[in-house]
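Notes to accompany the following structure.
If you're wondering where the values come from, they're calculated on a predicted model, not measured in any experiment. First the proteins, then the strands, lettered A, B, ... as listed; each starts at 1. All values below come from the heavy atoms of this structure, side chains included, with hydrogens, waters and symmetry mates left out.
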Amino acid sequence: MDKKYNEFSRLSLTDFANEILKFWNQEKIFEKSVSEKDGHQPFVFYEGPPSANGMPGIHHVISRTLKDLVCRYKTMQGFQVKRKGGWDTHGLPVELGVEKSLGISKEDIGKKISVEEYNATCRREVLKFKDKWDDLTRKMGYWVDLEHPYITFENNYIETLWWALKKLYDKGYLYKSVSIQPYSPAAGTGLSSHELNQPGTYKDVKDTSIVAIFTVRRNEKSEFLFKNVKGNVSFIAWTTTPWTLPSNLGLTVGEKIEYSLVETLNPYTHEPVNVVLATQLIPRYFKPEGENLEFNSDQAKKIIPWKNIQSFGGKQLEGISYEQLMPSEANTMEKIKESDPEADPFKVILGDFVTTEDGTGIVHTAPAFGADDFKVGKQNHLGLLVLVDKKGKFIDGVGEFSGRYVKDYRDEKNYQDVNVDISVMLKKEGKAFKIEKFEHNYPHCWRTDKPVIYYPLDAWFIKTTAVKDRMIELNKTINWKPESTGTGRFGNWLENMVDWNLSRSRFWGTPLPIWQTEDGEEKICIGSINDLKTEIRKSVEKGFMELPAEYKGQTEKFIEQLTSDLHKPFVDTIILVSPSGKPMKRVPALVDVWFDSGSMPYAQWHYPFENKEIFKQNFPADFICEGVDQTRGWFYTLHALAVLLFDSVAYKNVVSNGLVLDKNGNKMSKRVGNVIDPFKTLDEFGPDATRWYLITNASPWDSLRFDTEGIKEVQRKFFGTLYNTYQFFALYANVDGFFNQEKSIPVNERPELDRWILSALNSLEKEVTENLDNYEPTPAARAIDSFVNDQLSNWYVRLCRRRFWKPARKENGVENASDVKDKISAYQTLLECLVQVSKLMAPVAPFFADWLFRNLNAVVKVDTKQSVHLTDFPKADPKIIDKELEKRMELAQDVSSLILSLRKKVNIKVRQPLQKVLIPSLGDEFENRLKPVVHIIQSETNIKEVEVLPVNNDFIKKKAKANYKTLGKRLGAGMKWAASTIQNLSGEQIDRASDSKLLLNPEYDKKGEEAIYITSEDLEVSTEEIPGYEIAVKGSLTVALDLELTPDLKNEGFSRELVNRVQNLRKEKNLEVTDKIVLIIEDKGLTKNIISDYNDYICAEILARQIDFVPSLTNGEQIEVNNDVLTVQIKKIS
RNA sequence: AGAUCCGUAGCUCAGCCUGGUUAGAGCACUACACUGAUAAUGUAGGGGUCAGCAGUUCAAAUCUGCUCGGGUCUACCA
């Protein structure tokens, strides 16, 4: 064997990672990890496409670590896991980025810059940071196919989207309707919720608000309101947007809210009025001292008098009619009927959105200008009035207000607030109950800073509500991590689902493939490029489309060219022929980018135009994983489209990871400057430590406080320890020439310690597998962590150290066979642990795992694979797991720990041997457990003998505590009494209970109680005292140490000290571990005898051929052993 | 406003599902020890109203309800 294990001068996770990365690239390990699994069962993973026009952040590292570790794990388990990367390329963020870099605004599109040029820039810019992303992907070790990603702007991708849209259209799921959307009159454009959520859009503003008076029409329904009052009855309703009052068509009340009829005076005109409002809100408008005040009294001039006439539920008000508040030419019944022939406005309706927090509990309802208003308006056939145009000004026919802007949209110098004027007018007419400035939070257009209004706009919808029940049903079959996201956040979302507003009025996006005639009577939805070509041919034939000069006579070439990019503005130049022969133009809408990403299961394969078989095998996904913010984003659109198109789930398991916060728990934001640069982090700490930290620190779905100190800790504790363990192994294995050439020693022939660590290892394999199968990587990685640190390094290696460097005894020049076997067993065991750990940790820390695996495997050849990622994931062998053995070792650890703490307490160092430790038996099981590990305790704590005290001895004083679990169930309320009684039991009573049973309340008869017998299982017995010994206790386990130091023990301690000092000298002199020496000591008389007595032991330990005593030593070195100073010299024998 | 997650030592987190004795670990801190794994390691110590309140129970960090604080998503409403 010429090859040795690599030894390293220091741990550099980044260097190791770079080296392994190079190896992966050269040997195409990722590609092999997929191709080697050809024919295996696939495990389907979908990559949620990031947008490459922004820089990646640290939060991308966590979700990608999760994705990667699951995929690597499944690969090692034998599945074939293809991972196609993808890019989300459409949408507003891209447009904004382009506008910023070009220094233009939306208005300039089509003027300063053509749509063609604009979109070309988008296409170019959107992958601006692709290189950075790819770089991060590689550096963090995220294995995903970067060479063949799907890109949402590509024609093939769009063609699949069109296919899907057509399918929805044919099923009747794609329809056009009006919806109320945020709209910026100043910018002349609708705003998406994303735009509305830009920072700073919601501002506190003061607006003129008015409580208006709506006069009730007296009829059968309203008659009950007129009982006991004189004159008119009115509803009062509040609004912060008086400009919507001319468009009022209804009043909404809450079914469960109680309302009252109040007799009072109009505060402005002082005419008597009777008003209806929510009972709860009376104090908001009326002073308590005004209640039941005489209407004509003097006081009534200062304090408005009022009287609650009667109260009733909101339900009773339903259907009552009232007089139109501000009639004008533009809002006559005729006009209203135009919007809905069945319109029946000016009545009270019920709505569940009504609250009693603001206003009067009666909501002024103008269906055109509020989403809720629109909804109830439609349900109740209120009709629709849009008295404000898209510029934000009143249309003609609204009397004196026509032509006036409802808000100051044009920065007019002398802008008169029309809301004030409306209020003043109503006040004069006696139709105002209260007018005041009201400060509230109102959205503003992020671009123009002007207030947004809600406005009815044409929109295309997908009828998701049609399959709502099916979506809920199928959702129940999805395994959500954490479960609460699926049932809670997502489940609720599904329960309250509304139709999906698909259309966006933008430039860079997937065009909606619907063409329609000018009157909207005839429509066609295009589902493929071929269909489009066919239709264009018809159109060219018909003469609706003319060939440009350069294509004269080359219709096909022209069509080919025209359909080579399905984006605007090209698609919009296409005019098609309707069945009746009329021209049709494309509707202006683009589709929501979420449709792009939600369609990726099929669009990434250009299904159904290509890859039908591939798609079939890769749908639905076994696993997806994204941030929890995608719940109503990608997770939803994937699910909705899968149900709509295929009546299937899109994914079977989904992990939603939480947010990454900074170390103070604040959201990371560029503005605050607390963002973590993932590149810097990876460079500084290496990908393995970063990944390990992210996974072990908190469950993926908990939000994570990111602190680089934590990564340092991981580096030092976990990787440092594992690295040291490897180094230890490599060092001695090289010295001993252990290269795994020997036959594997059967596990049952190995020593206790070896069998124990192998049992623990297999238990670990079981635990890790169970957790990873469950998509719980955090406990899995933590278990590996604790195995490596606590069991392998801190116990196994520490206890076995001697086995590795102690040479086998020689008898007649031949090494003792059992010594050799013991040593090989130790090497084989440690090797097995290291190799298996490298496999177990491979999904989480792929670089280091491979580094470890390859360093070992290069020499020991336990596996034919060249990378750990091509090997099989360890499967626990139940035959090797011995829980009893693990318990035994735990006992040894506990006993040793107790003894060490006692030594500490009395200040006797471990090197000083002690004669005896006493351990009171806790029964047969305990003794059987203890016996096999006695020698471990002895060597670990340097104690000559371990004596077990029999169960019933008179020697130790015991005390007992109640076992609450067993007794509590039986005794219930008597538990307290029993606990204190048990605490006071004598040792003799405790023994009796342990042997058979003890009557706890001998006087039960007298007191008329039930007899209470307790047995050993009801007691937790512990040792209180062992006379003459120092004791230490953990639970019911007790150890007592014999502290007597006999001369023999002292001498042995002395010799051990000496060995220790000489070892230090060897190290100081930079001697090799294997160098032989001669030790020369200046003869000081006393110590000579001790040293001579232990000559053999000392020589063996320090690798000395002999110890020479000389009368005086001039060039020696002084060492202190216990309280003696010795002058010594060590000489290397060459 | 609704939904959801989180709140345990100075920090990061276990424990909670399935209630039970003195609530654990690591880091940090302090002291001592160890020194052929050594940028390691061991032992000990200080440090907790388990966010608060109420309920269920013999018994609550654990189960229930409410409140408070933080995060996220959705909505933005007269």
Side-chain angles (χ1 to χ4, degrees), chain A residues 10-11 182 193 196-197 202 209 237-241 244 251-252 351 353-355 357-366 369-373 441-443 454 482 484-485 487-493 496 627-633 658-659 661 663 665-667 696-699 701-705 707 709-710 712-713 716-717 720-721 723-729 731-732 778-779 782 785-786 789 793-794 797-798 801 805 897 900-901 903-905 907 909-911 961-969 971-979 1020 1035 1060 1063-1064 1066-1067 1071 1073:
Chain A
R10 76 192 185 96
L11 168 65
S193 59
L196 226 50
N197 279 325
Y202 279 86
S209 77
W238 179 64
T239 179
T240 54
T241 51
T244 59
L251 292 172
T252 311
F353 58 91
V354 180
T355 68
E357 302 213 340
D358 289 310
T360 63
I362 301 176
V363 175
H364 145 61
T365 304
F369 304 119
D372 285 335
D373 303 39
N441 201 251
Y442 197 81
Y454 290 82
S484 59
T485 301
T487 52
R489 188 178 284 200
F490 196 67
N492 278 311
W493 173 246
N496 301 314
V628 67
D629 52 323
Q630 293 297 332
T631 307
R632 284 149 189 191
L659 272 253
L661 310 171
K663 63 177 174 184
N666 298 313
K667 193 181 176 179
T696 51
N697 190 54
S699 280
W701 32 89
D702 287 340
S703 49
L704 172 84
R705 292 191 178 194
D707 188 355
E709 286 302 313
K712 281 186 198 159
E713 191 182 321
R716 206 175 58 235
K717 277 215 75 89
T721 307
Y723 164 82
N724 276 337
T725 309
Y726 166 78
Q727 286 278 70
F728 174 86
F729 173 83
L731 175 70
Y732 288 109
T778 305
R782 280 177 179 165
D785 201 314
S786 113
N789 264 310
S793 167
N794 249 343
V797 172
R798 197 153 55 82
R801 243 150 59 182
W805 48 264
S897 158
L900 290 174
S901 79
R903 277 179 166 278
K904 167 72 203 155
K905 201 165 157 194
N907 238 330
K909 46 183 73 171
V910 180
R911 238 182 263 120
K961 271 185 197 161
N963 179 347
Y964 282 75
K965 210 163 189 168
T966 58
L967 282 172
K969 281 203 184 82
L971 303 182
M975 189 60 220
K976 271 194 183 125
W977 173 85
E1020 311 249 335
N1060 168 253
Q1063 300 287 33
N1064 287 348
R1066 287 182 57 116
K1067 201 178 175 191
L1071 292 189
V1073 178

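A/N1060 places its CG atom 12 Å from the C1' atom of B/A33, with the value rounded to the nearest Å. Nucleotide B/U38 holds its C1' atom 10 Å from the CZ atom of A/R801, rounded to whole Å. Atom-to-atom, CD of A/Q727 to P of B/U41 comes out at 16 Å; the value is rounded to the nearest Å. Regarding A/N794, its CG atom lies at a distance of 18 Å from the P atom of B/C34, rounded to whole Å. In this entry the distance linking CG of A/L11 with P of B/A40 reads 11 Å, nearest Å. Between the CZ atom of A/F729 and the P atom of B/A40 there is a distance of 24 Å, rounded to whole Å. The nearest whole Å value for the distance from the CD1 atom in A/I362 to the C1' atom in B/A78 is 11 Å. In this structure, A/K712 places its NZ atom 16 Å from P of B/U12, rounding to the nearest Å.
Considering only heavy atoms from C-beta on, A/F369 stays 4.5 Å or farther from A/T241 through its side chain.
At the heavy-atom level, A/R798 lies under 4.0 Å from base atoms of the strands shown. Among the heavy atoms of the strands, none lies under 4.0 Å from A/R903. At a threshold of 4.0 angstrom between heavy atoms, the contacts of A/S786 with the nucleic acid are absent. Contacts of A/Y732 with the nucleic acid, taken as non-hydrogen atoms under 4.0 Å apart, involve only primed sugar atoms and P, OP1 or OP2. Using a 4.0 Å heavy-atom criterion, one finds that A/Q1063 contacts the bases of the nucleic acid, with or without backbone contacts as well.
Taking atom C1' in both B/U49 and B/G2, the straight-line distance is 33 Å, to the nearest Å. Across B/A33 and B/A51, the matching P atoms stand 40 Å from one another, rounded to whole Å. Using atom C1' as the reference point in both B/G47 and B/G26, the two lie 15 Å apart (nearest Å). Separating the C1' atom of B/A40 from that of B/U4 is a span of 44 Å, rounded to the nearest Å. The separation of B/C11 from B/C50, taken at their P atoms, amounts to 15 Å, rounded to a whole angstrom. Taking the C1' atom of each, B/C16 and B/U64 are spaced 14 Å apart, rounded to whole Å. B/G19 and B/C58 have their P atoms separated by 15 Å, with the value rounded to a whole Å. B/C13 and B/A59 have their P atoms separated by 34 Å, with the value rounded to a whole Å.
When each of A/A371 and A/V797 is assigned the nucleotide of RNA chain B with its nearest heavy atom, A/V797 is the one assigned upstream, toward the 5' end. In terms of position along RNA chain B, the nucleotide closest to A/F728 lies nearer the 5' end than the nucleotide closest to the other residue of the pair A/T252 and A/F728.
Taking side-chain N and O atoms only, A/N789 has no distance below 4.0 Å to OP1 or OP2 of B/G26. The side chain of A/Y454 contributes an N or O atom lying less than 4.0 Å from OP1 or OP2 of B/C77.
Listed for the A/R716 side chain is no donor-acceptor partner under 3.5 Å among the backbone atoms of A/T721.
Taking CG of A/L731 as the reference point, atom CG of A/N724 lies at 11.5 Å (rounded to 0.5 Å). Summarising the geometry, atom OG1 belonging to A/T240 is positioned 9.0 Å from atom NE2 belonging to A/H364; distances are rounded to the nearest 0.5 Å. Taking OG1 of A/T778 as the start and CG of A/D785 as the end, the distance is 12.0 Å to the nearest 0.5 Å. Rounding to the nearest 0.5 Å gives a distance of 6.5 Å between CD1 of A/I362 and CG of A/L251.
Between A/S793 and A/N789, the shortest heavy-atom contact is CB-O, 3.7 Å. Nearest heavy-atom pair, A/A237 versus A/V363, reported as atom, atom and distance to 0.1 Å: CB-C, 4.5 Å. Scanning both residues, A/P443 and A/Y454, for their nearest heavy atoms gives CG-OH, 3.7 Å.
The side chain of A/D372 lies closest to B/C77 when the candidates are B/C34, B/C77, B/A78. Ranking B/G26, B/A78, B/A37 by closeness to the A/N724 side chain, first place goes to B/A37. Which of B/A37, B/C13, B/U21 sits closest to the side chain of A/R782 comes down to B/C13. In the set B/A78, B/A28, B/U41, B/A28 carries the atom at the smallest distance from any side-chain atom of A/R716. Taking every side-chain heavy atom of A/Y964 into account, B/U21 is the closest of B/C27, B/U21, B/G42. Each of B/G42, B/G20, B/U12 was ranked by its minimum atom distance to the side chain of A/L900; first place goes to B/G42. Among B/C27, B/U12, B/C77, the nucleotide with an atom closest to any side-chain atom of A/N697 is B/U12. Set against B/A37, B/U41, B/G26, the side chain of A/E713 has B/G26 as its closest nucleotide. Counting only heavy atoms from C-beta on, A/K717 has its side chain closest to B/G26 among B/U21, B/G26, B/A37.
With hydrogens and angles left out, the side chain of A/T365 and the base of B/A78 share no donor-acceptor pair within 3.5 Å.
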Both atom distances under 3.5 Å, Watson-Crick or G-U wobble: I'd like the secondary structure of RNA chain B as a dot-bracket string, with | for pairs made across strands. (((((((..((((......[...)))).(((((.......))))).....(((((..]....))))))))))))....
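Exactly one residue among A/D373, A/T244, A/T252, A/T239 makes a side chain to side chain donor-acceptor pair (under 3.5 Å) with A/T365. That residue is A/T252.
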